[in-house]
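Below is one structure, written out as structure tokens; comments come after it.
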Amino acid sequence: MRIPLDYYRILGLPIQATPEQLKQAHRDRTLQLPRREYSDLAIAARKQLIDEAYAILSDADQRNAYDMGFLAKTYEPESEVKTPAFGKRASPESTALEPVIDAHTPSIEIEDRQFVGALLLLHELGEYELVVKLCHPYLNTGSIGLKDGRFGEASLIVPDIVLTVTSAYLELGREQWQQGQYENAASSLEAGQNLLLRESLFASLRGEMQTDLYKLRPYRILELLQLPLEKAAERRKGLQLLREMLHERGGIDGQGDDGSGLGVEDFLRFVQQLRRYMTTTEQQGLFETEARRPSAVATYLAVYALIAQGFAEAQPALIRKAKLMLMQLGRRQDVHLEKAVCALLLGQTEEASRSLELSQEREPIAFIRENSQNSPDLLPGLCLYAESWLQDEVFPHFRDLLDKSVSLKDYFADPHVQAYLEALPNETGSTSNEWVVVQPRRPTTAAGSASKSTTPATTETSPQLTQASLDALTATLAARNIVSSASLQEPLAPPQPPPASVRTAVETGSTTTSLQGNRKMPESSRRSSSETAPQPLPDPAASAPVPPTPAPKTASSSANSSSLRRIQRKNDSGQWRRLLILGLGGLFAVWLLWFLLSRAFGALADVLGWSGPSLKGEQAMVQLSQPPLPIPEPTPVTAEPEKITPEVAEAKLNQWLSAKSAALGPEYRVEGLREILVDPALARWVAMSQNMKQEGSHRTYKHDVKVSEVQIDQTNPNQALAIANVQEQTQFFSRGQAQNTEDASLQIQYRLIRKDGAWRIEDWQVMR
């Protein structure tokens, strides 16, 4: 067969090489051996070709004749090219490889049994694509063409050729990786891996390819997500690769190993870099799913996506959902500023003001106060801050919002927004203990805000915006000249492929700015990413009943509203103080009168002999401080600690699933949760029940559970693991209307702890 090689390339020399250089090259090439996995047959075939090249070129006459043919093949027009005289006589099989040999490429004739040696030499010369092309006709049929004995003993030749081809795939993938062709690199590595799997050969080489694929995955995701939106299939592939990484890591801030070499901080920067290539819909779907792990970072990013999409598409239901998720984050983090923006966009200006008072963000609050100096409230500064924040900190992180401008006036003027805000029901604040609201209800301000009255024991409700107050808010925005400006955000440059330095960062896992993108982590960088958040809330976008028409507003000025509240608070406080003093004085007077009367009555009884007969002789000393006779200590009755068996574990799991059905059902009964769960699971599921009650949604379940294994902790007998197979059918309801149904078949590992002698469920993890 004819092979696209020449004797000079075999020895690695130019055509001008001297005899001394030929001799040195022959010796060096002979001493250089390929990978130890090659058979002696392959090594011998390689050496035969090296010896043959040296024999031809070291003889002056043969070298002159070979050079004439070599130069003719290289430089003459294609129509005049003659087959060189050197090499074996062409056989019918010689034409099999002609399609892969260029007419101007020098070639030599070799014996079939030297084929594996020629492949080795081509691989050493870096001709990886050529190696793959030469072997493709023989390997695309499952190596059948290599087993007929033509190239040598099949048991030796097949592994040699497979090793050469897969090594070529490996090196070709690495070359493409260096050139920034990440998907092509992955295709090459996967092709080599599939060939090794099909032939069941060289597991170590297959592992080497898998390691490269893991390290390559972040670059593939970047490359795929940067593609135009029209290439939906490729972009979906990129998102799927990202989900696989998140699953292996255990979430955005998880500690799992995905093989990429990226630490937690590096991965957070990588996710931040990806966000500008993803749309609002893509980010919302991804981060809402991740928030259910739970993950505080994912919850915060989901909030960004909901706010961005809700504002850009005039869907206040999404902003309301973001606000409810912020309430969960607010238990551990200061997100009052974001809650204030959400409340503003929902027309809840009084609640927005209270959130600002609770915020510890000094610079933004100073900015808001500075821009509200001539106003009785902070509304002007908050509006200006909200526009700037959306334009500078939110929109630039979404591919479909890069060229969008922000205008609160346009948002509140949207008919859909106005209709939704008018129908927005009262929301029970989950953080009502964070502020004190003064009675009675105060008149609304010109901007549509109203104080809600309640007592400290009751819950606070958000003020409502009617059409009149919407008009007032729009007028306020126009009067205060709070408008959006195109200069708030420079147009961002189109997405560029990551620089070459990115490769080093991924391979070493080091902290580098090449994966950081152009912007810092939004507000979440000032919060602890290790905090966990409760389960996110169901979508509150379901239709809400229209609230009752509020009472007519009075013509009170907003400037007096704050003073009235302070005066009312002071008056109420003085009243309670006076009542308390009078009550304590009365109690003291009654006690003093009783004491004096009892003493006087005792003295009178002694004088008149009313004290009864006196006892004769020595009396027993009975004291209240100690008993007259020793009292034996009672024997404590302790119940035997409950033992854990598969049957006991299964009963506990059934108890949990029944409690779950009651807590998330239409009655929202959480008592059963406290009987079977302990924290952290207890706190998480009680909060979920309360949130679903607030949303007006519920679920019904059908369960079937079977415990397959119970493991007791050898170091702590009060802890155990139970592995169970759970079949679960869930029916979702919203506002009393049945929605969709989901069926799940899960294998779950439950973590149990013995508390007060009984086993409780502490937490669990879905295994598959």
Side-chain angles (χ1 to χ4, degrees), residues 1 3-5 9 32-39 41-43 45-46 96-97 99-102 105 115-147 151-152 154 156-221 223-224 234 237 241 244 259-261 500 503 506-507:
M1 64 168 58
I3 291 292
L5 267 175
R9 292 197 71 196
Q32 294 170 357
L33 295 178
R35 295 177 62 135
R36 53 184 173 80
E37 292 93 341
Y38 283 102
S39 67
L41 182 63
I43 295 173
R46 172 182 176 275
L97 300 176
V100 299
I101 302 177
D102 185 81
T105 300
F115 179 54
V116 65
L119 290 177
L120 265 172
L121 292 170
L122 287 170
H123 185 279
E124 292 170 3
L125 293 170
E127 296 285 356
Y128 307 124
E129 293 187 44
L130 186 55
V131 169
V132 173
K133 289 180 180 179
L134 289 173
C135 296
H136 181 72
Y138 305 105
L139 294 175
N140 63 350
T141 56
S143 69
I144 296 177
L146 300 175
K147 296 179 180 179
F151 299 105
L156 298 176
I157 289 299
V158 171
D160 287 337
I161 293 180
V162 169
L163 177 58
T164 307
V165 174
T166 52
S167 297
Y169 274 127
L170 176 62
E171 298 302 330
L172 182 60
R174 288 174 174 173
E175 277 190 357
Q176 292 165 332
W177 185 351
Q178 295 293 326
Q179 295 165 3
Q181 303 173 19
Y182 304 122
E183 271 302 285
N184 290 339
S187 298
S188 298
L189 292 171
E190 289 171 348
Q193 198 175 47
N194 292 335
L195 178 57
L196 290 173
L197 284 170
R198 189 181 71 190
E199 299 295 333
S200 300
L201 293 169
F202 307 112
S204 61
L205 183 58
R206 191 166 71 245
E208 194 174 345
M209 290 180 168
Q210 186 60 54
T211 298
D212 280 7
L213 282 171
Y214 282 141
K215 292 182 178 180
L216 183 62
R217 193 159 47 177
Y219 305 99
R220 296 175 64 190
I221 295 171
E223 184 179 38
L224 291 169
E234 291 85 349
K237 182 179 180 181
L241 289 173
E244 291 173 3
S260 66
R503 289 190 294 272
V506 172
E507 291 169 1

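Positions are given from 1 along the sequence.
- Note that CD of Glu183 is 4.0 Å distant from NZ of Lys237, once rounded to the nearest 0.5 Å.
- In this view, Gln210 and Gln193 satisfy the side chain to side chain donor-acceptor pair (under 3.5 Å) rule, not counting sequence neighbours.
- When side chains are defined from C-beta on, His123 does not count as touching Arg35, because their heavy atoms never get closer than 4.5 Å.
- Rounding to the nearest 0.5 angstrom, the gap separating the OG atom in Ser188 from the CG atom in Asp212 is 11.5 Å.
- Between Gln179 and the options Gln176, Glu175, Gln181, a side-chain hydrogen bond (donor to acceptor under 3.5 Å, both in side chains) holds for only Gln181.
- For the pair Asn184 and Glu223, the minimum side-chain heavy-atom distance is 4.5 Å or more.
- Using a 4.5 Å cut-off on side-chain heavy atoms (C-beta onward), Arg217 and Glu244 make contact.
- Distance check, rounded to the nearest 0.5 Å: CE of Met209 to CG of Leu170 gives 5.0 Å.
- The two residues Cys135 and Leu119 have their closest heavy-atom pair at SG-CD1, 3.4 Å.
- Looking only at side-chain heavy atoms (C-beta outward), Leu163 and Leu201 stay at 4.5 Å or farther from each other.
- By the 4.5 Å heavy-atom criterion applied to side chains, Leu205 and Glu37 are not counted as neighbours.
- The salt bridge (charged side-chain N to carboxylate O under 4.0 Å, His left out) contacts involving residues 160-171 comprise Glu171-Arg174, where partners must be two or more places apart or lie in separate chains.
- Across all their heavy atoms, Thr166 and Val162 have their closest contact at OG1-O, 2.7 Å.
- Taken from CG in Leu195 to CZ in Phe202, the straight-line distance is 10.0 Å, to the nearest 0.5 Å.
- We find the CG-NZ distance between Leu122 and Lys133 to be 12.5 Å, quoted to the nearest 0.5 Å.
- The aromatic rings of Phe151 and Phe115 lie tilted to each other, with the angle between the two planes from 30° to 60°.
- Put simply, OH on Tyr169 and CD on Glu129 are 10.5 Å apart, with the number rounded to the nearest 0.5 Å.
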side-chain contact (heavy atoms from CB on, under 4.5 Å) between Leu5 and Leu125, worked out: CA-CA 10 Å; Leu5 267 175; Leu125 293 170; 3.7 Å; yes
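- Arg198 and Leu139 get closest at one heavy-atom pair: NH2-O, 2.8 Å.
- Partners of Thr164 under the side chain to side chain donor-acceptor pair (under 3.5 Å) rule, at least two apart in sequence or in another chain, are Tyr38.
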